[in-house]
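Keep in mind that what you see is a predicted model, and the values were worked out from it rather than measured.
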Amino acid sequence: MATPHISAEPGDFAPHVLMPGDPRRAQRIAETFLENPRLVTEVRGIQGYTGTVDGQPVSVMASGMGSPSISIYATELARFYGVKRIIRVGTMGSMQPQLKVGDVVAAAAAHTTSAMTAVSFPGVHMSHTPDFGLLRAAVAHGEDSGKRVHVGSVLTSDDFYNGDPEAMARLADAGTLAVEMEAAALYAVGMREGIETLMLGTVSDGSPGSSDLTAQEREETFTEMVGFALAALRS
């Protein structure tokens with residue numbers, strides 16, 4: 001049962017999905033963490049894989065960049081393929097001095113400049129939040145393993161280069177940890193489709209628009225973040 005954007009057959013996706021943005025990162029995660037991964041979709045070069053982790057079926061699928069793209073893929077996975085949990089594993093730009101490149105952030109809430117959820121819930125300023133069980137499990141993994149995860153709000157922005165500096169400063173003063181482009185949309189899909197969602201991000205940039213990690217490093221240096229995600233899925 002293919003959709004306009006996914007060519008997989010019924011049963012090809014596991015109930016639990018890790019969702020990076022970059023198709024090459026999806027392939028790298030699948031080949032590194034999944035046992036016997038198989039390619040189940042690659043429409044428009046957006047790759048999805050299914051395998052197992054410790055005997056539990058897990059899929060990995062890229063989302064592309066931005067709120068519209070992740071909304072499409074997450075909705076189709078939930079609505080047509082029976083996916084119950086999606087954890088985004090992506091990158092973020094730090095908005096706080098205590099966050100360093102390589103740190104892991106769990107988004108307990110997502111502010112947004114996007115109008116995506118305003119269309120779905122007109123007249124309401126939505127609170128974009130993850131599934132508490134997944135968030136709690138990710139934090140518990142950090143406590144058990146001695147690896148730190150920063151927990152707090154993030155900003156989901158539609159504009160990578162031209163954000164309002166004054167607004168960004170006010171958000172940082174209000175404790176917003178980092179900026180990225182997908183969390184609020186994923187959380188909205190979770191609320192609308194009745195699935196569990198969580199955004200985990202590795203800090204890749206010291207400030208919006210900078211590039212402190214190379215493209216290759218962005219693909220290769222997310223082992224710790226994926227560990228948090230897999231621990232949450234095992235909960």
Side-chain angles (χ1 to χ4, degrees), residues 19-22 25 63-74 86-132 134-135 138-139 142 148-192 197-215 217-218 221-222 224-225 228:
M19 185 165 276
D22 186 346
R25 194 177 304 148
S63 71
M65 289 189 290
S67 291
S69 188
I70 197 170
S71 294
I72 288 170
Y73 290 111
I86 299 176
I87 298 182
R88 169 158 166 74
V89 283
T91 58
M92 296 181 173
S94 171
M95 293 175 63
Q96 298 294 336
Q98 70 269 25
L99 265 64
K100 308 302 180 185
V101 171
D103 283 359
V104 177
V105 173
H111 314 305
T112 187
T113 60
S114 174
M116 289 286 297
T117 52
V119 172
S120 299
F121 304 96
V124 178
H125 294 286
M126 289 297 295
S127 296
H128 304 89
T129 56
D131 176 75
F132 179 72
L134 290 180
L135 177 62
V139 173
R148 183 175 183 183
V149 57
H150 301 267
V151 181
S153 61
V154 303
L155 171 65
T156 299
S157 175
D158 278 347
D159 197 331
F160 185 82
Y161 286 108
N162 300 311
D164 182 344
E166 292 185 4
M168 295 292 287
R170 289 194 296 270
L171 284 164
D173 288 343
T176 307
L177 294 180
V179 58
E180 51 80 64
M181 300 185 73
E182 291 86 14
L186 177 61
Y187 291 175
V189 170
M191 289 184 280
R192 186 177 62 241
T197 58
L198 177 64
M199 167 69 194
L200 294 172
T202 295
V203 175
S204 61
D205 306 292
S207 60
S210 68
S211 184
D212 296 330
L213 289 181
T214 67
E217 287 171 334
R218 287 169 187 258
T221 59
F222 303 113
E224 187 169 297
M225 174 181 58
F228 277 98

Taking every non-hydrogen atom, the tightest pair across [X] and [Y]:
| X | Y | result |
| --- | --- | --- |
| Ala108 | Val151 | CB-CG1, 3.9 Å |
| Ser204 | Thr91 | OG-CB, 3.4 Å |
| Ala178 | Leu99 | CB-CD2, 4.4 Å |
| Ser127 | Met191 | O-CE, 3.7 Å |
| Pro130 | Ala107 | CG-O, 3.4 Å |
| Ser94 | Val203 | CB-CG1, 3.8 Å |

Is there any side-chain hydrogen bond (donor to acceptor under 3.5 Å, both in side chains) pair reaching into residues 162-181, and which pairs are they, with sequence neighbours excluded?
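Non-adjacent pairs meeting side-chain hydrogen bond (donor to acceptor under 3.5 Å, both in side chains): Thr156-Glu180.
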Summary of side-chain hydrogen bond (donor to acceptor under 3.5 Å, both in side chains) pairs that have at least one residue in residues 181-191, sequence neighbours excluded:
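Sorted pair list: Arg88-Glu182.
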Can you confirm whether Met168 sits close enough to Leu155 that some side-chain heavy atom of one is under 4.5 Å from a side-chain heavy atom of the other?
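The answer is yes; the side chains approach within 4.5 Å.
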Report the distance from atom [atom1] of [X] to atom [atom2] of [Y], rounding to the nearest 0.5 Å.
| X | Y | atom1 | atom2 | result |
| --- | --- | --- | --- | --- |
| Leu134 | Ile86 | CG | CD1 | 11.0 Å |
| His150 | Lys100 | NE2 | NZ | 9.5 Å |
| Thr129 | Leu198 | OG1 | CG | 11.0 Å |
| Thr112 | Met181 | OG1 | CE | 10.0 Å |
| Ile70 | Met199 | CD1 | CE | 8.0 Å |
| Met19 | Ile87 | CE | CD1 | 11.5 Å |

Say whether Asp158 and Thr113, considering side chains only, have a donor N or O and an acceptor N or O under 3.5 Å apart.
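Result is no, nothing qualifies.
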No-hydrogen, no-angle side-chain donor-acceptor test under 3.5 Å, His128 and Thr117:
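Distance-only check passes for His128 and Thr117.
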